[in-house]
**Q** 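Quick one: structure below, then a few questions.
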Amino acid sequence: MSINRAKVIEIINKIADRIEENKLYLTELDAVIGDGDHGLNMSKGFHAVREKLKEDAGNNIGDILKKTGMTLVSNVGGASGPLYGTAFMKAGLEAGSKEEIDVIDFEKMLTAALDGIKMRGKAVLEDKTMVDAIEPALYALSKAIQLGLSSKEALKEAVDAAYKGVEHTKAIIARKGRASYLAERSIGHQDAGATSSALIFKTIYEEINV
Amino acid sequence: MSINRAKVIEIINKIADRIEENKLYLTELDAVIGDGDHGLNMSKGFHAVREKLKEDAGNNIGDILKKTGMTLVSNVGGASGPLYGTAFMKAGLEAGSKEEIDVIDFEKMLTAALDGIKMRGKAVLEDKTMVDAIEPALYALSKAIQLGLSSKEALKEAVDAAYKGVEHTKAIIARKGRASYLAERSIGHQDAGATSSALIFKTIYEEINV
Amino acid sequence: MKKLINQPENVVEEMIEGIVLAHPEYVRKLKEFNVLVRKNSPITGKVALVSGGGSGHEPSHGGYVGKGMLDGAVAGDVFTSPTPDPIYEAIKAVDGGAGVLLIVKNYTGDIMNFEMAKEMAEMELIKVDYVVVNDDVAVENSTYTAGRRGIAGTVFVHKIAGAKAETGATLEEVKETAQKVIDNVRSMGMALTPCIVPAAGKANFTLGENEMEIGMGIHGEPGTHKDTLKTADEVTEHLVCKILEDLKLKDGEEVAVMVNGLASTPLMELYIVNKKVNEILWEKGIKVYKTLVGEFMTSLEMAGCSVSILKLDKELKTLLDATADTPAFKSL
Amino acid sequence: MKKLINQPENVVEEMIEGIVLAHPEYVRKLKEFNVLVRKNSPITGKVALVSGGGSGHEPSHGGYVGKGMLDGAVAGDVFTSPTPDPIYEAIKAVDGGAGVLLIVKNYTGDIMNFEMAKEMAEMELIKVDYVVVNDDVAVENSTYTAGRRGIAGTVFVHKIAGAKAETGATLEEVKETAQKVIDNVRSMGMALTPCIVPAAGKANFTLGENEMEIGMGIHGEPGTHKDTLKTADEVTEHLVCKILEDLKLKDGEEVAVMVNGLASTPLMELYIVNKKVNEILWEKGIKVYKTLVGEFMTSLEMAGCSVSILKLDKELKTLLDATADTPAFKSL
Ligand SMILES: Nc1ncnc2c1ncn2[C@@H]1O[C@H](COP(=O)(O)OP(=O)(O)O)[C@@H](O)[C@H]1O
Ligand SMILES: Nc1ncnc2c1ncn2[C@@H]1O[C@H](COP(=O)(O)OP(=O)(O)O)[C@@H](O)[C@H]1O
Ligand SMILES: [Mg+2]
Ligand SMILES: [Mg+2]
Ligand SMILES: [Mg+2]
Ligand SMILES: [Mg+2]
């Protein structure tokens, strides 16, 4: 696997498409145990990102991702803006001036992104947040790389782990974000942010395999 | 016809009964073109009058009627309180220290009452108010007396004229009171205060004939 | 009926108690009457102002008792004029020898009860006079009718006549200023939802999901017409134009604006209305000297608003700016 | 959706414009941002206070910008935290060299966005610190969770920290006072009806004709439980007892009380609630030093109220009494 600058932009635009398609779905998930705006927030954010990159995408992968993160931060508000924004900015910092990345780079970038999310949101595994999709995905990716799987296979593992994580959020009590006000009543419902994270992994995987 | 002190109290208590029975009806009439409280107002007022007279009815007919009027003024509020209150007070002033009254006295008292209402409320005939029941009733009474009818017959004429007046309020535009805000839209609806006035005449007539 | 109350028949009394408990530094209650007076009433030598009417319009009128506004406020039952007795008690309690001005809104019941109270007080040799506020342009004014209703513009009368009284003016002078405000203030309201009088337990008119009432009175009296829902800009345009038709302002004249919420309408929406009011006045070359946005004269839990415009001169500007310190209206 | 608005997506911007047009003597708007700052910002040498959050809580927060309270207020979309950019702009606009204190309510989104703005401002060498208000006792506090929400008690933080800043105190001192208020204020709310976010167009929860939600948050977040309608006295008893369980007041201690309307609940009902609050505190020997009744932190057009109780000491009393002059909160 090797992804260049243009491909990164393509992937981000595809993420924007997928978010748009799932706007209602994500919003409905958030309505049940949150405030019903996650799809709207993400759609607003990625719409702005698409416009931003059209106008000035930056010179290298680091730039692209930092611009993506900053645009998310500046346009979303709420919880997901700073979280996804920080994730993309940290990934961008990690990528630096690279014009091409491979699966090992991706693993490092994802590690930085997850660290950023945890630093910003103070959530840990089992708090019923996006961390419950991202952290298992990162573990699965790392393990697959260690086991010598192909990048394609490794990414597939990550996507599967993310969706397993999403599924698991149904079983647990929310301890961070708005859903935490519901305490026990949050059980049985899937976390919206974890779902959007899994959706992003799936989009990346699909785009790498086209 | 001759009505003594005790009979006056009896009649007032009967008026209170009839008002109570017609509370909902009067309120509904007021709801259509006013603010839907005329029955409640009258019931509150005559309930207080009943209690007042039970406790201290006064020494003569003038006293009884003045107490009735003051109690109405002090307990009703809104438009009907000062109007009916003034009417009873003026009638009481006219009756003075009398302990017995006849139909001629009644005519004088009613004249004073109507003057009081018109002075207080500045309404004239055809403004779609209680004046449209009371003024015709007074005319009919005077005419009947001049024609030499019996007091019973004269009072019957007054009651009929009052109800004809009530009926006529349906045909005219309100120019005083809350219904006046409706202008043309008040046409077709009967005035609540005229209705309660006619009811009072009817009660007096019935009580004199028991 | 979703209300935070106890017994419907006790709402006014409990409310008055709640006001006194909240604002003992401003007001006290007259024993056995739903009357609030300034804590330090009577104030010797100052003309006293008494207002009131039915309850359900809070903060009108008890909220305006204090320095620079009212000396006494009389609370009737919900939407029902008080009887003369409490008004008379209020007059006696606040008269400091310089006389008492009653500020009455133009409703048959209010006028008659305040007039009777005035007559009672005059028998005790208290100097009493009154003005009648009739700012609602929704209702036609004609010599044959009860005339226009008094609505939120009344608050300008309280503020300005109150400031005048603080200057040591005579009863005649305070009345003259109050009347000047009345002559120069016009209002019009609209409603999106009805309201429920606690004792009645149900709304006494209805509005469809897509309907509003233009020209609505503050007791749910009908306005000029029902209309389908429109944008805030369109509604505001209608209200302001009706007001300006009547007020006839000239280019360069100065006004005070009040955007008053009837209760359920959020401040957010009132400010959106205010934006449009400003744009319309600006286009006509009329200068907004001062703006009040908030809930000044409400109608139980009704949704909707009214706009009031007061044409100003030098005296009215000075008095409008003067210090006021009351529970619901403060001006530093 | 019965609202007096134009396009749902423009409500915040139009509201902010309406506020500036209404109160130019108090506030100005930062170009291109929904941020209101004091007209004379920055004030050299004074610690500046910035608050904010989602819109729909008016007069919070723009209504509290002025002397003795806030220097800046940042308005996000309805019920959504603002992004860091306008917060950062607000910080830059109000910093007079003595530093800026951010007053943040405890919501994940608010905290993260304000923190990011703080980091951005610190890169420009502006001294910035923040406090987190978490007064809502309806939500359990636990180290494992996001903790209690911030609701109407925040207004006490604005008032008191604002007065402290006017005394010329340092950033550390102002923060300490703000934190003292936070440590001593507890609130709890309830709702009779839901509200509608303009962009959503429909209520995001429902309550039956005979139901209310106890412990309701100011964005329609669920509370402790649904209950059948009760009297004002019963509801008040429940709210105050939950607050007192947590605040642990001793006989003879003094408090400030705030009875806050969420929007549709009339002032009449808030005063009825206040009466009961007073009775409960009186029975427990707790002295009410000051009471605020009105709409301080609303929730669009929701019906309901919250009660806040602040335990006072000498410093807090003095600062609570200090002069404040803002569009929505004045203290002479
Ligand atoms: N502290 C946190 N750490 C990580 N993720 C969080 C945290 N708080 C909330 N989230 C995620 O954010 C999602 C909600 O995002 P969104 O609805 O856009 O924001 P808001 O909650 O402000 O409305 C949740 O579903 C959850 O996955
Ligand atoms: N100016 C007036 N003169 C005579 N009668 C009047 C006048 N105004 C109102 N009324 C009478 O009062 C009645 C309404 O009484 P009521 O409903 O008790 O008072 P309110 O109008 O204050 O609610 C009307 O039906 C009308 O007959
Ligand atoms: Mg959300
Ligand atoms: Mg009536
Ligand atoms: Mg009435
Ligand atoms: Mg949100």
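In what follows, every chain begins at residue 1, and chains take the letters A, B, ... in the order their sequences are listed.
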**Q** Taking atom OG of Ser55(C) and atom CE of Met268(D), what is their separation to the nearest 0.5 Å?
**A**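 Going from OG on Ser55(C) over to CE on Met268(D), the span is 5.0 Å.
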**Q** Checking the side chain of Lys2(D) only, and the main-chain atoms of Glu211(C) only, is there a donor and an acceptor separated by less than 3.5 Å?
**A**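 Such a contact is found between Lys2(D) side chain and Glu211(C) backbone.
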**Q** Pick one of side chain, backbone, both or neither for Met302(D), based on which atoms fall under 4.5 Å of a heavy atom in chain C.
**A**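 The answer is neither part of Met302(D).
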**Q** Indicate yes or no for a side-chain donor-acceptor contact from Asn6(D) to the backbone of Asp233(C) under 3.5 Å, with no hydrogens or angles considered.
**A**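 Side chain of Asn6(D) to backbone of Asp233(C), a donor-acceptor pair under 3.5 Å: yes, one is there.
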**Q** How long is the straight-line distance from NE2 of His57(D) back to CG of Leu267(C), given to the nearest 0.5 Å?
**A**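 The NE2 atom of His57(D) is 13.0 Å from CG of Leu267(C), to the nearest 0.5 Å.
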**Q** With a 4.5 angstrom heavy-atom cut-off, is it the side chain or the backbone of Val273(C) that approaches chain D, or both, or neither?
**A**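 It is the side chain, since no backbone atom gets that close.
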**Q** Among Ala328(C), Ser331(C), Gly18(C), which has the most heavy-atom pairs under 4.5 Å with chain D?
**A**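 Most heavy-atom pairs within the cutoff with chain D belong to Gly18(C).
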**Q** Write down the atom of His23(C), the atom of Tyr271(D), and the distance for their closest heavy-atom approach.
**A**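 Result for this residue pair: NE2-OH, 2.7 Å.
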**Q** Please state whether the side chain, the backbone, both or neither of Ala191(C) comes within less than 4.5 Å of a heavy atom of chain D.
**A**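 Neither; nothing under 4.5 Å.
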**Q** Find the one option among Asn274(C), Ile272(C), Val293(C) whose heavy-atom pairs under 4.5 Å with chain D are most numerous.
**A**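 Looking at each option in turn, the highest pair count goes to Ile272(C).
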**Q** Considering only heavy atoms, which portion of Ala22(C) lies under 4.5 Å from any heavy atom of chain D: side chain, backbone, both, or neither?
**A**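 Both parts, backbone and side chain.
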**Q** What option among Asn210(C), Thr236(C), Thr298(C), Leu300(C) has the most heavy-atom pairs under 4.5 Å with chain D?
**A**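 Ranked by heavy-atom pairs under 4.5 Å with chain D, first place is Leu300(C).
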**Q** Indicate yes or no for a side-chain donor-acceptor contact from Glu269(D) to the backbone of Leu4(C) under 3.5 Å, with no hydrogens or angles considered.
**A**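 Flag set: sc Glu269(D) to bb Leu4(C) pair under 3.5 Å.
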**Q** For chain D, find which of Leu332(C), Thr323(C), Thr291(C) contributes the most heavy-atom pairs closer than 4.5 angstrom.
**A**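 Max contact count across the listed options: Leu332(C).
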**Q** For Glu283(D), does the CD atom have more than 12 heavy-atom neighbours from other residues, nucleotides or ligands under 6.0 Å away?
**A**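 Counting other residues, nucleotides and ligands, CD of Glu283(D) stays at 12 neighbours or fewer.
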**Q** Given heavy-atom pairs under 4.5 angstrom as the criterion, report whether the side chain, backbone, both or neither of Val259(C) touches chain D.
**A**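 For Val259(C), there is no contact with chain D at all, as no heavy atom is under 4.5 Å.
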**Q** If I measure from the heavy atoms of chain D, does Leu207(C) come under 4.5 Å with its side chain, its backbone, both, or neither?
**A**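 Contact with chain D: backbone and side chain both.
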**Q** Which heavy-atom pair separates Met1(D) from Glu209(C) by the least distance, and what is that distance?
**A**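 In this case the closest contact between Met1(D) and Glu209(C) is N-OE2, 3.7 Å.
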**Q** Nearest 0.5 Å, what's the CG-CE distance between Leu270(D) and Met15(C)?
**A**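 If I round to the nearest 0.5 Å, the distance is 11.5 Å.
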**Q** With a 4.5 angstrom heavy-atom cut-off, is it the side chain or the backbone of Val11(D) that approaches chain C, or both, or neither?
**A**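 Both backbone and side chain.
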**Q** Most heavy-atom pairs under 4.5 angstrom with chain C, which of Cys195(D), Gly62(D), Ala232(D)?
**A**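 Most heavy-atom pairs within the cutoff with chain C belong to Ala232(D).
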**Q** Take atom CD in Glu13(D); do more than 12 heavy atoms of anything else shown fall under 6.0 Å from it?
**A**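 Not buried by this count: 12 neighbours or fewer within 6.0 Å.
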**Q** Contact part of Ala256(D) toward chain C, heavy-atom cut-off under 4.5 Å: side chain, backbone, both or neither?
**A**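 Neither part, no heavy atoms under 4.5 Å.
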**Q** Considering only heavy atoms, which portion of Gln7(C) lies under 4.5 Å from any heavy atom of chain D: side chain, backbone, both, or neither?
**A**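 Neither the backbone nor the side chain of Gln7(C) comes within 4.5 Å of chain D.
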**Q** With a 4.5 angstrom heavy-atom cut-off, is it the side chain or the backbone of Leu192(C) that approaches chain D, or both, or neither?
**A**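 Answer is both: backbone and side chain atoms of Leu192(C) are under 4.5 Å from chain D.
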**Q** What is the distance from atom CG of Leu262(D) to atom OG of Ser264(C), rounded to the nearest 0.5 Å?
**A**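 Going from the CG atom of Leu262(D) to the OG atom of Ser264(C) covers 11.5 Å.
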**Q** Can you tell which of Lys276(D), Lys275(D), Glu279(D) makes a side-chain contact (heavy atoms from CB on, under 4.5 Å) with Leu21(C)?
**A**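 Single side-chain contact (heavy atoms from CB on, under 4.5 Å) partner of Leu21(C) among Lys276(D), Lys275(D), Glu279(D): Lys275(D).
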**Q** Who among Thr231(C), Leu229(C), Val78(C) has the most heavy-atom pairs with chain D under 4.5 Å?
**A**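 The option with the most such pairs is Thr231(C).
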**Q** Drop me the distance from Asn278(C)'s CG to Glu17(D)'s CD, to the nearest 0.5 angstrom.
**A**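 Nearest 0.5 Å value for the CG-CD distance: 10.0 Å.
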